[in-house]
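The structure displayed is predicted, hence computed values, not measured ones. Remember, it's 1-based here, ligands and their atoms both numbered in the order they're listed. Along the sequence shown, the residues carry numbers beginning at 1.
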Amino acid sequence: MDVGFIGLGAMGSAMARNLIKAGHTVRVWNRSPGPAEELAREGAVAVNRAADAAHGDVLVSMLADDAALRAVLFAGGVLEAASPSLVHVGCSSISVALGRELARAHGERGVSYISAPVFGRPDVAAQAKLNIVAAGAADAIARAQPVLDAMGQKTWVIGAEPYMANLVKIGGNLMIASAIEAMSETAALGAAHDIDPGKMLEIYTSSLFACRAYQSYAPGIAERRFEPAGFKLKLGLKDVRLALEAGDAASVPLPFGSALRDAMLTAIAFGDGEKDWSALAEVARKRAGL
Ligand code: NAP
């Protein structure tokens, strides 16, 4: 297939690379040119304008947040340039409100749009093992399926309205952030009582909490190792805010979300916004005077 790909950050680069490996023709664009040049050496075609990536069968976007998507799709003229036969697959973690707006804006131009946010960090993306949550018109999802298959291990179709997938993604990240905070507080509690946090978390992640969300973050929390960032704390705060916003819109209080927002803001105030979001552990230690 002829696939355009915009947004070649930690996730997008790995995903686009798998599309090249699967034999698709991949036209790539990124705001800063370095990542597109690198993929061009591996067989992609680097284009100068984002709009030039919107003429094929499928366009995948993996930009940072709502503001980035707005800047590229609307102000950057991608939507205007999109051919009617295109399916736009939005993989970024964005707000429910923007998910709804994108569905409307694409519909008005006769272009298909599905939301397909992903679970899995850059290492999982590199192995094409992402769990992809997709929502949108069934025929558009079917047309994009070969592209989704090249990037993920499973596509979970959640509904016919794109925003639904965005909400499922936001909810999942609220749960991961809660798991990180739970381990961070418990590790600080252990350290304050002269117990090795590494051994402590190993017990939990080998028994009661033997699942990926806990296991993948426990060693970094115990060793206080937060770089290189798999998922930047500032992007984690973005997702917690999106959960709070979706909660506000439907009168759903999220007390854990409110506490996480403050803890993440504290981490950013301490200068940890570019570190992995498990740097939340340092906030728990500082609160404990450690
Ligand atoms: P990242 O490494 O920070 O990459 C962000 C991308 O967005 C880069 O291509 C960046 O371009 C681009 N961008 C940012 N602001 C822009 C703007 N105003 N205009 C144009 N382009 C802009 O982030 P990431 O970790 O790949 O995450 C991308 C998305 O995937 C986010 O929505 C994130 O929440 C989601 N996600 C991340 C993970 C993870 O573990 N990392 C997992 C699942 C989902 P430049 O290179 O020019 O800065």
Side-chain angles (χ1 to χ4, degrees), residues 4-18 28-39 44 46-51 53-54 59-79 89-96 98-99 102 115-134 148 151-153 156 165-177 179-180 212-213 216-217 220 226-243 245 264 273-279:
F5 203 114
I6 55 178
L8 303 169
M11 294 293 290
S13 286
M15 292 159 70
R17 190 166 281 119
N18 284 328
V28 291
W29 177 86
N30 194 60
R31 178 179 60 177
S32 51
E37 287 163 7
E38 194 178 324
L39 284 173
V47 295
N48 291 327
R49 299 177 320 139
L59 169 70
V60 182
S61 57
M62 194 43 160
L63 297 158
D65 53 18
D66 282 26
L69 259 183
R70 283 183 190 286
V72 175
L73 287 188
F74 297 127
V78 169
L79 198 47
V89 179
C91 291
S92 311
S93 308
I94 54 163
S95 67
V96 165
L98 184 57
L102 289 179
S115 280
V118 306
F119 286 112
R121 287 158 67 89
D123 59 320
V124 178
Q127 295 161 32
K129 288 276 163 55
L130 294 169
N131 274 286
I132 303 175
V133 183
L148 300 174
M151 302 189 298
Q153 60 172 299
W156 303 80
N166 301 120
L167 192 281
V168 172
K169 171 63 191 173
I170 291 165
N173 271 18
L174 182 66
M175 292 177 71
I176 300 171
I180 291 171
R212 190 176 162 86
S216 59
Y217 290 104
F226 311 112
E227 289 171 298
F231 184 49
K232 290 172 197 154
L233 194 139
K234 67 176 190 188
L235 287 181
L237 173 60
K238 176 236 344 165
D239 289 350
V240 168
R241 282 186 167 137
L242 294 182
E245 191 183 305
M264 288 175 154
E274 295 293 326
K275 293 184 185 167
D276 192 76
W277 63 339
S278 50

**Q** In chain order, what residues pass the side-chain hydrogen bond (donor to acceptor under 3.5 Å, both in side chains) check against Arg212, with sequence neighbours excluded?
**A**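 Not a single residue meets the side-chain hydrogen bond (donor to acceptor under 3.5 Å, both in side chains) criterion with Arg212.
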**Q** Of all heavy-atom pairs between Pro35 and Asn30, which one has the smallest distance, and what is that distance?
**A**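 Minimum heavy-atom separation between Pro35 and Asn30: CG-ND2, 3.5 Å.
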**Q** Heavy-atom cut-off of under 4.0 Å around ligand 1: list whichever protein residues fall inside it, by chain and number.
**A**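 Lining ligand 1: Gly7, Leu8, Gly9, Ala10, Met11, Asn30, Arg31, Ser32, Met62, Leu63, Ala64, Ala68, Val72, Ser92, Ser93, Val118, Gly120, Arg121, Pro122, Lys169, Gly230, Phe231, Lys232, Leu235, Lys238, Asp239.
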**Q** Any chance you could measure Leu233, atom CG, to Asp276, atom CG, to the nearest 0.5 Å?
**A**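 Rounded to the nearest 0.5 Å, the CG-CG separation comes to 8.0 Å.
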**Q** Taking all non-hydrogen atoms of both residues, which atom of Arg121 and which atom of Phe231 are closest, and how far apart?
**A**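 Shortest heavy-atom contact: NH1-N, 3.9 Å.
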**Q** Taking distance alone, no hydrogens or angles, what donor-acceptor pairs closer than 3.5 Å link side-chain atoms of residues 235-243 to residues at least two apart or in another chain?
**A**
{"residue": "Lys238", "atom": "NZ", "partner": "Ala64", "partner atom": "O", "Å": "3.3"}
{"residue": "Lys238", "atom": "NZ", "partner": "Ser93", "partner atom": "O", "Å": "2.8"}
{"residue": "Asp239", "atom": "OD2", "partner": "Asn173", "partner atom": "ND2", "Å": "2.6"}

**Q** Once salt bridge (charged side-chain N to carboxylate O under 4.0 Å, His left out) is applied, do any residues pair with Lys234, and if so which ones, sequence neighbours excluded?
**A**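 Lys234 satisfies salt bridge (charged side-chain N to carboxylate O under 4.0 Å, His left out) with Glu274 only.
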